[in-house]
> 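The structure is given below, and queries will be raised subsequently.
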Amino acid sequence: MSEFSPRDIERKWQDFWEEEKTFRTDAASDKEPFYVLDMFPYPSGAGLHVGHVEGYTATDIMARFKKARGFEVLHPMGWDAFGLPAEQYALKTGTHPRETTEKNVETFKGQLKALGFAYDWDREINTTDPDYYRWTQWIFLKLYEQGLAYIAEVPVNWCPALGTVLANEEVIDGRSERGGHPVVRKPMRQWMLKITEYADRLLDDLEIIDWPEHLKEMQRNWIGRSRGAEVDFAVDRSSAGGVEANIRVFTTRPDTLFGATYMVLAPEHPLVDEVTSEEQRQAVDAYREKAALKSDLERTELQKQKSGVFTGAYAINPVNDEKVPIWVADYVLYGYGTGAIMAVPGHDDRDWEFAKTYDIDIVEVISGGDVEEEAHTGDGELVNSQFLNGLNVEDAKEKIISWLEEKGAGKEAISYKLRDWLFSRQRYWGEPFPIVHCEDGRIVALPEEQLPLTLPEVEEYAPSGTGESPLATIDEWVETTCPDTGEPARRETNTMPQWAGSCWYYLRFVDPHNEEAPIDKELEKEWLPVDLYVGGAEHAVLHLLYARFWHKVLFDVGVVSTKEPFQRVVNQGMILGTSYVYYEDADGEILGSEAEGRDDVTQKTVHVDKVRWEGDAPMHPEADVKLEPLVEKMSKSRGNVVNPDDVISEYGADSLRLYEMFMGPLEQTKPWDPRGVNGVHRFLSRIWRLVCDEEGLSEKVTDGEADEELLRELHRAIQKVTEDTEALRYNTAIAAMMEYVNFIYKRQEVPKVAITPLVQMLAPYAPHIAEELWVRLGHEPSVSEAQWPAYDEELIKEDTYELAVQVMGKLRGTIDLAQDADEDAAVAAARAVEDIEKHLEGKEIRRVIFVPGRILNFVVG
RNA sequence: GCCGGAGUGGCGGAACUGGUAGACGCGUCGGAUUCAAAAUCCGAUGACCUCGCGGUCGUGCGGGUUCGAUUCCCGCCUCCGGUACCA
């Protein structure tokens with residue numbers, strides 16, 4: 001075959017790798033281990049998209065590169081297959097989620113294989129496999145034994161019309177995504193995990209891992225640790241109907257205590273009932289009821305107007321014994337801090353706004369602003385604060401905290417935004433909890449030997465109607481006996497959330513068939529942490545935080561020896577598509593870009609495949625209207641999705657892989673350009689033609705030696721590609737290979753020794769063509785087993801180099817200069833150049849700046 | 001609002017620790033090949049002035065430091081991502 005035809009070679013080499021088990025990992029090997037991991041996908045019905053391909057290609061290149069560099073590489077793939085879509089499909093069609101999952105896995109796996117990824121498929125993991133979730137349940141038991149799993153009544157999104165609990169993403173504007181039925185907050189019995197107990201470690205250990213700073217920052221913000229003080233305010237008995245109570249507040253600004261002119265309790269705060277006066281009770285109850293109906297989102301999203309109700313009661317400010325009114329307001333969240341605040345309107349924006357609305361006193365305690373105009377939140381000198389007067393904020397905090405501690409009215413405290421993790425779902429398609437509830441109320445964990453507790457077959461996937469999972473309707477599964485006493489008991493009918501399976505899968509890949517433990521201890525020591533973990537930024541917080549949490553728990557119980565699971569994380573950037581936009585007015589008339597911005601029209605798109613091309617102008621298929629190209633996130637509804645299968649059938653997998661890496665830096669958001677694929681395909685064809693001919697090997701290819709210049713270019717290319725690949729700068733590594741190919745194209749003949757290393761360097765990027773060329777060049781398969789080419793710095797050096805010459809910082813010419821030339825030689829050479837000399841003529845040279853290898857600059861007077 | 005990131009040719013992007021801005025690719029133009037076209041190969045391609053040699057301007061905007069700034073500092077603008085009453 002004379003022309004490059006991916007169709008003819010790609011399948012062949014995919015089969016070769018599979019049969020030869022080229023990418024099998026020997027976990028017990030003596031070689032240095034390198035673990036490179038992708039965020040495994042949820043196998044959706046839609047199949048792989050170009051975003052998956054980007055991340056997976058990036059890790060695949062690293063895996064193949066490291067293998068060639070002599071590492072024992074672990075590069076596995078699996079399926080995060082529990083989850084909502086399969087269950088919803090089951091609801092609609094009655095198809096068992098297992099069937100849907102199997103089918104989708106089949107599709108995904110076929111697509112991944114067609115891309116030539118070097119996975120060790122013997123280590124494939126599926127989170128829905130009982131042999132896998134047995135250990136997910138086992139880890140849950142460890143959490144439970146450690147006291148880190150508990151049951152609580154927690155409000156969930158309850159949709160009475162659907163008779164089911166909805167996930168946050170299924171609720172839009174307080175209504176169900178499907179059907180638009182009202183959704184209310186309803187407390188239900190839930191499993192919680194005490195991730196808050198690990199907050200400090202999750203925060204501190206960010207220091208020891210090599211993650212992008214923005215990602216660490218997001219985790220820090222999510223944990224939201226803040227230092228402050230807890231202060232007790234006694235409730236004024238006479239105003240609260242004789243009730244004796246303390247209101248404890250958390251504040252980061254104890255220094256402003258003298259400026260506290262009211263207090264606020266969250267509507268859910270238990271003290272509200274106790275302190276509310278008879279006159280105010282009706283108003284308070286009404287307010288609390290209204291607040292309870294709002295979802296968290298509603299409570300926060302429309303932040304414009306603050307609302308609240310006075311309870312009728314007062315509290316005593318411990319620093320000056322002044323009476324301050326106690327209010328109820330939903331801008332205070334029950335879940336954060338103590339659920340109550342001291343309000344300092346002079347120095348807090350929210351309190352200021354509230355005080356203005358309800359005409360509450362504003363007292364300035366820190367000078368430097370005008371508290372009648374706005375809250376002054378910055379630093380300043382303390383005023384109106386007795387013994388704190390004259391101090392700055394920092395010192396006042398210290399002093400007031402010691403004062404409070406001395407008086408027993410408060411103490412230093414730390415608060416977190418992070419909440420405990422709501423760990424149960426009222427669904428069928430998830431891991432069952434290995435827990436039974438006995439009739440006497442005891443909660444008993446199943447013994448390890450009884451794992452896995454498998455999901456029963458069900459007739460109906462419809463929700464039970466009570467808010468419980470469909471499992472609750474299967475009596476023969478639910479009804480069991482207590483493992484301790486043998487008395488009748490009921491199984492837990494909640495299931496675990498999708499996060500559970502993905503919290504530890506990276507461990508299982510190391511030792512996927514172990515029946516004694518989730519992972520062998522020795523192997524864990526050898527392989528963890530993961531050296532490189534690549535995935536989408538959408539998991540920057542939750543998945544990565546949850547997995548870190550589990551890892552730390554497993555560390556504490558001795559299952560793993562490492563503090564952190566992922567040494568290095570990289571987020572691949574999003575790939576954007578081009579939408580073709582037009583506008584439509586109320587009468588359905590189709591309009592072009594001239595209608596942009598008008599508010600009587602709606603923006604619409606034409607699916608990429610339906611666009612009618614008039615030359616290079618995109619036109620509406622039915623109307624004579626020019627469409628406006630718009631680069632944005634790919635989505636089905638915008639008709640701008642690029643399907644990897646289509647690209648493969650037109651250009652082949654190698655071109656798709658190469659293009660996605662050539663587009664730009666891995667972490668950056670990049671627009672898809674269909675013509676770009678053609679460009680890299682052209683590059684691969686050029687290499688092909690360089691090597692191959694109708695007869696087999698091209699006439700240009702010789703058995704001779706490489707000359708000095710060729711060697712220099714070759715070794716320069718090897719150096720650049722090696723360094724850039726190591727640093728994930730794939731785009732510039734590819735550019736270096738292109739430059740080298742352009743260079744050898746200009747030659748009549750090229751010796752094999754100058755092409756072979758190129759093919760080896762190409763192999764991680766475009767493995768199929770590289771394998772084929774490798775064999776054509778007379779080597780035994782496979783290039784995937786070959787050692788990465790080395791470069792020799794000596795060969796790269798030249799006798800002379802080109803030096804830029806500036807006069808007054810402006811480039812005036814270049815000179816060829818010997819490597820070891822000194823300043824005098826450089827100046828002489830520069831002055832010999834007419835174009836440079838004419839800028840120096842008749843001027844006094846005041847200074848010469850000579851940086852060997854970099855610059856020669858004349859400063860003239 | 002706050003936090004994070006980014007603004008470089010017609011387009012995607014390159015430029016190591018301040019040292020020839022625009023590598024590589026796309027597109028465009030020209031040439032070769034062809035009966036012709038596609039494909040391929042070779043060359044040109046930031047803008048402006050100039051017949052040409054050459055020159056001036058140019059990395060979002062305005063300042064600054066420096067012999068020299070895409071790179072460092074100060075002040076803005078725009079876009080993208082995250083987050084949002086967290087006391």
Side-chain angles (χ1 to χ4, degrees), chain A residues 3 212-218 220-222 224-226 228 249-253 256 264 266 297 299-304 306 329-333 335-344 348-351 353-354 415-419 537-538 540-541 571 573-574 576 616 631 633 658-659 662-665 667-680 682-683 685-686 689 720 723 727 729 731-739 741-742 745-746 802-814 834-835 838 846-851 853-860:
Chain A
E3 277 304 303
E213 199 46 48
H214 71 98
L215 217 157
K216 288 189 185 182
E217 199 55 30
M218 279 164 78
R220 283 190 200 110
N221 290 340
W222 194 264
R225 182 185 145 109
S226 54
V249 302
F250 173 75
T251 175
T252 56
R253 296 295 303 277
T256 61
V264 183
L297 240 127
R299 265 175 72 161
T300 55
E301 80 186 352
L302 303 166
Q303 47 177 314
K304 36 186 196 230
K306 295 214 176 350
D330 67 2
Y331 82 91
V332 171
L333 306 175
Y336 181 77
T338 59
I341 62 160
M342 62 176 218
V344 186
D348 180 281
D349 292 325
R350 297 151 301 183
D351 298 344
E353 216 181 294
F354 190 83
S415 190
Y416 301 89
K417 272 204 296 203
L418 184 69
R419 293 299 130 74
E538 65 274 20
V541 178
N571 288 134
M574 209 187 335
L576 305 177
D616 49 9
V631 173
K633 196 169 162 174
L658 202 62
Y659 173 61
F662 186 60
M663 287 167 84
E667 302 196 57
Q668 198 168 301
T669 302
K670 302 161 286 262
W672 180 275
D673 177 4
R675 287 178 302 210
V677 192
N678 200 29
V680 293
R682 198 142 47 187
F683 163 66
S685 305
R686 270 162 79 81
R689 277 194 302 274
K720 179 85 175 139
E723 290 174 358
R729 289 192 300 258
N731 54 331
T732 50
I734 294 166
M737 289 190 265
M738 287 174 167
E739 277 183 86
V741 169
N742 290 344
Y745 244 74
K746 296 196 171 68
E802 194 184 48
L803 182 75
V805 181
Q806 299 178 337
V807 178
M808 294 301 283
K810 275 194 166 53
L811 183 74
R812 294 302 178 187
T814 58
E834 198 187 327
D835 284 340
K838 85 180 179 206
R846 287 201 304 203
R847 200 173 148 197
V848 174
I849 289 145
F850 177 59
V851 185
R854 296 248 186 247
I855 202 83
L856 175 65
N857 188 10
F858 293 97
V859 184
V860 298

> Go through the side-chain N and O atoms of A:R847 and A:N857 and say whether any donor and acceptor fall under 3.5 Å apart.
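The answer is no; no qualifying pair exists.
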> Taking atom C1' in both B:A69 and B:C48, what distance in whole Å separates the two?
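Going atom to atom, C1' in each nucleotide, I get 24 Å.
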> Backbone N or O of A:D351 within a donor-acceptor pair of the A:D348 side chain at under 3.5 Å?
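Yes.
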> Is A:E213 paired with A:R220 through a side-chain N to carboxylate O contact shorter than 4.0 Å?
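Salt bridge: yes.
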> Give me the distance, rounded to whole Å, that separates B:G9 from B:G25 when you measure between the C1' atoms they each carry.
14 Å
> Quick one: label A:D349 by what it contacts on the DNA or RNA (base, sugar-phosphate, nothing), any heavy atom closer than 4.0 Å.
nothing
> Without decimals, in angstroms, what is the distance between A:M808 CE and B:A69 P?
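Taking CE of A:M808 and P of B:A69, I get 11 Å after rounding.
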> Measuring only the P atom in each nucleotide, how far is B:C80 from B:U28? A whole number of Å is fine.
30 Å
> Just how far, in rounded Å, is P of B:G55 from CG of A:L811?
9 Å
> Hunt down the Watson-Crick or G-U wobble partner of B:U83, both distances under 3.5 Å, from any strand shown, or write none.
B:G1
> For B:G13, does either OP1 or OP2 sit under 4.0 Å from a side-chain N or O belonging to A:R729?
no
> Taking any strand in view, what nucleotide pairs with B:A23 in a Watson-Crick or G-U wobble way, both distances under 3.5 Å?
none
> By the 4.0 Å heavy-atom rule, please label A:E723 as base, sugar-phosphate, or nothing.
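It contacts nothing in the nucleic acid.
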> Counting distance only, does the side-chain N/O of A:K417 pair as donor-acceptor with the main-chain N or O of A:Y336 below 3.5 Å?
no
> Using the C1' atom in both, what is the distance from B:A15 to B:C29, to the nearest Å?
27 Å
> Report yes if a side-chain nitrogen or oxygen of A:R812 is closer than 4.0 Å to either non-bridging phosphate oxygen (OP1 or OP2) of B:G68; otherwise report no.
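The answer is no; no side-chain N or O of A:R812 sits under 4.0 Å from OP1 or OP2.
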> Looking only at atom P, what distance separates B:C24 and B:C35, rounded to whole Å?
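Approximately 33 Å lies between the P atom of B:C24 and that of B:C35.
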> Does B:C57 have OP1 or OP2 under 4.0 Å away from a side-chain N or O of A:K810?
yes
> Check whether any side-chain N or O of A:R419 sits under 3.5 Å from a backbone N or O of A:G335 as a donor-acceptor pair, and report yes or no.
yes
> OP1 or OP2 of B:A39 versus the side-chain N and O atoms of A:R689: is any pair under 4.0 Å?
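Answer no for this pair, as no side-chain N or O of A:R689 is under 4.0 Å from OP1 or OP2.
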> Verify the contact: side-chain N or O of A:S226 to OP1 or OP2 of B:A87, cut-off strictly under 4.0 Å; return yes or no.
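A:S226 to B:A87 OP1/OP2: side-chain N or O found under 4.0 Å.
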> Using the P atom as the reference point in each nucleotide, state the distance between B:A14 and B:A6 in Å, no decimals.
12 Å
> State the pairing partner of B:G7; accept Watson-Crick or G-U wobble contacts with both distances under 3.5 Å, and report none otherwise.
B:C77
> It should be established whether A:R220 places a side-chain nitrogen or oxygen under 4.0 Å from OP1 or OP2 of nucleotide B:C3.
no
> Identify whether any heavy atom of A:N742 sits under 4.0 Å from a base atom; if not, whether one sits that close to sugar-phosphate; answer base, sugar-phosphate or nothing.
sugar-phosphate
> Taking only the C1' atom of each, what is the distance from B:U56 to B:G4 in whole angstrom?
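Their C1' atoms lie roughly 40 Å apart.
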> Any idea which of B:C42, B:C24, B:G68 is nearest the A:N857 side chain?
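Looking only at side-chain atoms, A:N857 lies closest to B:G68.
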> Between A:R846 (CZ) and B:U66 (P), how many Å, whole number?
14 Å
> Round to the nearest Å and state the distance from A:F683 atom CZ to B:C24 atom P.
13 Å
> In whole angstrom, give the distance that lies between atom CD1 of A:I849 and atom P of B:U20.
14 Å
> Does the side chain of A:M738 reach to within under 4.5 Å of the side chain of A:F662, using non-hydrogen atoms?
yes
> When you measure only distances, ignoring hydrogens and angles, does the side chain of A:K746 come within 3.5 Å of the base of B:C42 through a donor and an acceptor?
no
> If we take the C1' atom in both B:U20 and B:U59, what is their distance in whole Å?
15 Å
> Among all residues two or more places apart in sequence or in another chain, which pass the ring pair (Phe, Tyr, Trp, His ring centres under 6.0 Å) test with A:W672?
A:Y659
> B:U40 pairs with which nucleotide, Watson-Crick or G-U wobble, both distances below 3.5 Å?
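Paired with B:A32.
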> My understanding is that a pair needs two contacts under 3.5 Å, Watson-Crick or G-U wobble. By that rule, which nucleotide pairs with B:U56?
B:A47
> Report the distance from atom CG of A:L215 to atom C1' of B:U83, rounded to the nearest whole Å.
14 Å
> Tell me what A:G679 touches on the nucleic acid: a base, only sugar-phosphate, or nothing, going by heavy atoms under 4.0 Å.
sugar-phosphate
> Phosphate oxygens OP1/OP2 of B:G27: is one of them under 4.0 Å from a side-chain N or O of A:R675?
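Checking A:R675 against B:G27: no side-chain N or O falls below 4.0 Å of OP1 or OP2.
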> Please classify the glycosidic conformation of B:G22 as syn (within 90° of 0) or anti (everything else).
anti
> Considering only heavy atoms and no angle criterion, is a donor-acceptor pair shorter than 3.5 Å present between the side chain of A:R854 and the base of B:U20?
no
> Taking the side chain of A:R682 as heavy atoms from C-beta outward, which of B:G13, B:A14, B:G27 is closest to it?
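Nearest to the side chain of A:R682 among the choices is B:G27.
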> Does the side chain of A:Q806 get closer than 4.0 angstrom to OP1 or OP2 of B:U20 through an N or O atom?
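For B:U20, neither OP1 nor OP2 has a side-chain N or O of A:Q806 closer than 4.0 Å.
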> Side chain of A:I855 only, heavy atoms from C-beta on: which candidate in B:C26, B:U20, B:A87 is closest?
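Among B:C26, B:U20, B:A87, the one nearest the side chain of A:I855 is B:U20.
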> With respect to the side chain of A:W222, which nucleotide from B:G4, B:U83, B:A14 is positioned closest?
B:U83
> What is the separation between atom CD on A:E667 and atom P on B:G81, rounded to the nearest whole Å?
17 Å
> Whole-Å distance between B:C79 P and A:K670 NZ?
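Interatomic distance, NZ of A:K670 to P of B:C79: 22 Å.
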> Output the single nucleotide from B:C85, B:C67, B:G82 whose closest atom is nearest the side chain of A:V859.
B:C67
> What is the pairing partner of B:A15, taking Watson-Crick or G-U wobble pairs with both distances under 3.5 Å in any strand?
none
> Taking any heavy-atom pair under 4.0 Å as a contact, classify A:Y416: base, sugar-phosphate, or nothing.
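The residue A:Y416 makes no contact with any strand.
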> Can you figure out which of B:G82, B:A23, B:C26 approaches the side chain of A:D673 most closely?
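The answer is B:C26.
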> Please report the interatomic distance CG(A:L803) to CZ(A:F850), rounded to the nearest 0.5 Å.
6.0 Å
> Any base atoms under 4.0 Å from A:T669, or only sugar-phosphate, or nothing? Heavy atoms, all strands.
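A:T669: backbone/sugar contact only, no base atoms under 4.0 Å.
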> Is the charged tip of A:K306 near the ring of A:Y331: under 6.0 Å from the six-membered ring centre and within 45° of its axis?
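Here A:K306 passes the 6.0 Å and 45° test against A:Y331.
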> What is the nucleic acid contact for A:N731, judged by heavy atoms within less than 4.0 Å: base, sugar-phosphate only, or nothing?
sugar-phosphate
